[in-house]
Amino acid sequence: MSTSETSGLLNTLASARHPAEPWRIKTVEPIRMTSPEERKAALEAAGYNVGLLPAELVYIDLYTDSGTSAMSDRQWAGVMLGDESYAGSRSFYRFEAAVRDFYGYDEVIPTHQGRAAENILSRCLIRPGHHVPGNMYFTTTREHQELNGGIFHDVIVDEAHDPEADLPFKGNVDLGKLEQLIAKVGADQIPYVSLAATVNMAGGQPISMANLAEVRELTRQHGIPVILDAARAVENAWFIKQREPGWSERTVAEILREICAQTDGATMSAKKDSFANIGGWLAVRDPHLAEQARNLVVVYEGLHTYGGMAGRDLEAVAQGIEESVQEPSIRTRIEQVAYLGDRIARAGVPIVRPVGGHAVCLNATAFLAQVPREQFPAQTLTCALYLDAGIRSTERGAVSAGRDPATGHNRYPSLELVRLTIPRRVYTQGHMDVVADSVIRLHEGRKALCSGVEFTYEPSTLRFFQSRFRPLAAEPLFGAVGR
Ligand SMILES: *Cc1c(COP(=O)(O)O)cnc(C)c1O
């Protein structure tokens, strides 16, 4: 699909409301709007890190789509059916069958969440000095690669780093970059290629089937395995169906199987596509690797038939996998995100184009052009959004990128984003409108936000979770927002 066709898609959505949900609401959970004074005090107490706020003081929580989905009545019914046997529980076999059927890998190892699968995989395959190429980094994925002595190489297409490049498959691998790396370090120093579908850090951008096939062919020639980060592979499959020639008549379930068929294994966070509140898995084709992984899973997670999950969690994941590929469900999900993105973009707010699968990403360097990178514009904007309307978003910029392990310097990625991540089946169009109104209001008043924040506490790994900050001006951004 050409750039103009993608914008056409966006324009059609602009005029529409998002489609009515293919479900109705059976249980409700109250949320509360706070006063500006309450929010000011809460943010200060949280060290200007919205991740440290008590969730009760958040009105609309767009911190993550991870584990925050609303489970279906059938998933809750599965919770009651969970078999809590320590070894060989019935729920494990149902879970294993769901992963085999829908993803197509034979060897299935449950883990308590995605990063646990990454830990086990990285320990099995990475040795000090190894090089691991990937289509952009993900925080926990790269952390486990580096903890095992691996060196990460970003081989995504250049356009993925450009928020304005309105292209259908900004998650694609640049084959030239991958070939160059193989030529430079040698195939035997590359334990696997790490492929994400969709690419979280690029704002949920998909990889095309054609690109996957090209990566498969190149790695096959060199005997390098490909491991998929399948957290949002269903969302990726939906984009392939919508955007890639030749796939519109195939079902999302078929496309998902075909994505996986191009790879040798996958790590999965079932807290994303699969609507589970906890859970994950590692799946591979090679029985020897699976055996090695099962030996490690008992050390870090639990027996290989529960891997850190209760039987009821295994049931919820198995049921969630089946629901995730249902097309009215995935369509509503993607179009709700597009609706929010489009309302914001039409008001002239700079966002990453096109809108991705799970989030709308504000381009913080353009939004707060007057705040220097060293003062963390994205972190600053997450604070402003909370103060304005009690909305919690995530920083995905320099704070998340951390420091270079070799030099110790801050990494300043080209994308300095604020991610508005939409939980699945949780918020309504009314909530999306509150979010859009707040973002647009802040953008109109952005000139008043002229300085950012600095660290008062900086942890050494995955610093964004625990770090604390202070505003650099006495009445910072925050003056502009105080309504
Ligand atoms: C969330 C996520 C992970 C890690 O999974 P957890 O379940 O949070 O441990 C890995 N990769 C991607 C792309 C993710 O979005």
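Order of appearance sets the numbers: ligands from 1, and atoms from 1 within every ligand.
Judged by a 6.0 Å distance limit and a 45° cone about the ring axis, Arg396 is positioned over the six-membered ring of Phe464. Cation-pi geometry between Arg392 and Tyr63 is met: under 6.0 angstrom from the ring centre, within 45 degrees of the axis.
Here the closest heavy-atom approach between residue Cys383 and residue Leu43 is recorded as CB-CD2, 3.7 Å.
Heavy atoms of Met201 stay at 4.0 angstrom or farther from ligand 1.
In terms of protein heavy-atom proximity, atom 14 (C) of ligand 1 is closest to Lys272 NZ, 2.9 Å. Atom 8 (O) of ligand 1 has as its closest protein heavy atom Arg115 NH2, 2.9 Å. Of all protein heavy atoms, the one lying nearest to atom 12 (C) of ligand 1 is Asp229 OD2, 3.3 Å. Among all non-hydrogen protein atoms, the one lying nearest atom 3 (C) of ligand 1 is Phe138 CE2, 3.4 Å. Given atom 10 (C) of ligand 1, the protein heavy atom at minimum distance is Glu118 OE2, 3.1 Å. Counting only heavy atoms of the protein, atom 7 (O) of ligand 1 lies nearest to Ser269 OG, 2.6 Å.
Exactly one of Ile351, Leu362, Val352 qualifies for a side chain to side chain contact (heavy atoms under 4.5 Å, CB included) with Leu417. That residue is Val352.
Atom CZ of Arg74 has 12 or fewer heavy atoms from other residues, nucleotides or ligands within 6.0 Å. With a 6.0 Å radius and a threshold of 12 heavy atoms from other residues, nucleotides or ligands, Arg373 has its CZ atom above the threshold.
Listed by atom number, the atoms of ligand 1 under 4.0 Å from Gly114 heavy atoms are 5 (O), 6 (P), 7 (O), 9 (O).
Among residues two or more places apart in sequence or in another chain, the side chain to side chain donor-acceptor pair (under 3.5 Å) test is passed with Tyr93 by none.
The N/O atoms of Lys271, backbone and side chain alike, include none that comes under 3.5 Å of an N/O atom in ligand 1. Residue Gly279 places no N or O, backbone or side chain, under 3.5 Å from any N or O of ligand 1. Looking at Thr140 next to ligand 1, no N or O pair under 3.5 Å apart turns up. Checking only distances, Thr198 never comes within under 3.5 Å of ligand 1, N or O to N or O.
Using a 3.5 Å distance cut-off with no hydrogens or angles, the side chains of Arg123 and Asn119 do pair a donor with an acceptor.
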